[in-house]
Amino acid sequence: QVQLVESGGGLVQAGGSLRLSCVASGPTDRIRAMGWYRPVPGQARELIAVMSNSGSTDYHDSVKGRFIVSRDNVKSTVYLQMNSLKPEDTNVYYCAAHTAYYARHVSPDHWGRGTQVTVSS
């Protein structure tokens, strides 16, 4: 079972930056893609940024140009560099891993516990 542990959340003023990290453990060779999601009221968690093993990336339209997802495959870690943060970015951010198959519309197989990001105005 792949396990994911996030770190790096916190409180920041609007316009500031944060970097989230997520370390995977267990059978990490099964991971096809890793990234970040956040909850939406009444809906499933939405994709924020994901990077596949090939290096291709997917982003939510609201974060394009502000957030950057990256991976260190040696360390089995995925990062989310969050720049130009806005109050509407406030949320819990969940690290996720796809092991069976990755596509933008497919839910991840594994989840971290989440890390809180709060952006003050």
Side-chain angles (χ1 to χ4, degrees):
Q1 183 82 346
V2 173
Q3 295 183 329
L4 304 170
V5 178
E6 303 100 333
S7 61
L11 172 65
V12 64
Q13 289 188 332
S17 298
L18 281 175
R19 190 174 85 150
L20 307 183
S21 301
C22 172
V23 180
S25 61
T28 57
D29 59 312
R30 299 179 183 177
I31 294 174
R32 300 292 176 262
M34 291 183 72
W36 300 89
Y37 292 70
R38 66 189 181 196
V40 178
Q43 302 178 36
R45 293 169 183 169
E46 63 181 5
L47 182 154
I48 299 303
V50 172
M51 177 176 277
S52 70
N53 286 3
S54 68
S56 63
T57 56
D58 280 318
Y59 288 95
H60 192 278
D61 285 346
S62 68
V63 307
K64 286 181 180 177
R66 299 190 298 123
F67 292 8
I68 301 171
V69 63
S70 61
R71 289 175 62 183
D72 183 332
N73 291 327
V74 173
K75 297 180 180 179
S76 299
T77 301
V78 62
Y79 304 96
L80 184 66
Q81 179 66 43
M82 311 169 77
N83 300 319
S84 301
L85 282 160
K86 305 175 181 180
E88 52 264 43
D89 294 320
T90 295
N91 214 319
V92 178
Y93 286 75
Y94 291 89
C95 178
H98 297 255
T99 54
Y101 171 67
Y102 171 67
R104 189 182 180 100
H105 64 280
V106 174
S107 294
D109 310 288
H110 304 278
W111 296 94
R113 293 187 175 184
T115 185
Q116 176 71 44
V117 171
T118 303
V119 185
S120 62
S121 57

Mind checking whether [X] and [Y] have side chains closer than 4.5 Å, heavy atoms only?
X	Y	answer
Pro39	Asn91	yes
Glu6	Tyr93	no
Thr115	Ser7	no
Phe67	His60	no
Gln116	Thr90	yes

How close do [X] and [Y] get, counting heavy atoms only, and between which atoms?
X	Y	answer
Leu80	Ala49	CD1-CB, 3.8 Å
Ala97	Pro108	O-CB, 3.6 Å
Ser84	Ser17	N-OG, 4.4 Å
Tyr79	Lys75	OH-CD, 4.3 Å
Arg104	Asp58	NH1-CB, 3.4 Å

Nearest 0.5 angstrom please: [X] [atom1] to [Y] [atom2], how far?
X	Y	atom1	atom2	result
Gln3	Cys22	CD	SG	11.5 Å
Ser62	Glu46	OG	CD	6.5 Å
Thr57	Lys64	OG1	NZ	9.0 Å
Ser121	Glu88	OG	CD	10.0 Å

### Leu20 and Val117: CA distance, side-chain angles, deciding distance, side-chain contact (heavy atoms from CB on, under 4.5 Å) verdict
CA-CA 9 Å; Leu20 307 183; Val117 171; 4.0 Å; yes

### Carboxylate-amine/guanidinium proximity below 4.0 Å for Arg30 and Asp109
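Not counted as a salt bridge, because no side-chain N and carboxylate O are separated by less than 4.0 Å.
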
### Query
With the threshold set at 4.0 Å, does a side-chain nitrogen-carboxylate oxygen contact exist between Lys86 and Asp89?
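Asp89 and Lys86: not salt-bridged.
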
### Query
Shared ILVMFWY cluster between Val63 and Met51, side chains joined below 4.5 angstrom?
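Shared cluster, yes.
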
### Query
Does Ile68 share a hydrophobic cluster with Trp36, counting links as ILVMFWY side-chain heavy atoms below 4.5 Å and allowing steps through other members?
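Yes: a chain of side-chain contacts under 4.5 Å links Ile68 to Trp36.
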
### Message
Through direct or indirect side-chain contacts below 4.5 angstrom among Ile, Leu, Val, Met, Phe, Trp and Tyr, which residues connect to Tyr102?
### Response
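Tyr102 shares its hydrophobic cluster with Tyr37, Leu47, Val50, Val92, Tyr94, Trp111.
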
### Message
Can you confirm whether Gln13 is buried at CD, in the sense that more than 12 heavy atoms of other residues, nucleotides or ligands lie under 6.0 Å from that atom?
### Response
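No - once you tally the heavy atoms of other residues, nucleotides and ligands closer than 6.0 Å, there are 12 at most.
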
### Query
Where do Ile48 and Met82 land on the side-chain contact (heavy atoms from CB on, under 4.5 Å) test, with the steps shown first?
CA-CA 11 Å; Ile48 299 303; Met82 311 169 77; over 6 Å; no

### Query
Out of Asn53, Val78, Thr28, Asn73, which one pairs with Met34 under the side-chain contact (heavy atoms from CB on, under 4.5 Å) rule?
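The side-chain contact (heavy atoms from CB on, under 4.5 Å) with Met34 is passed solely by Val78 among Asn53, Val78, Thr28, Asn73.
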
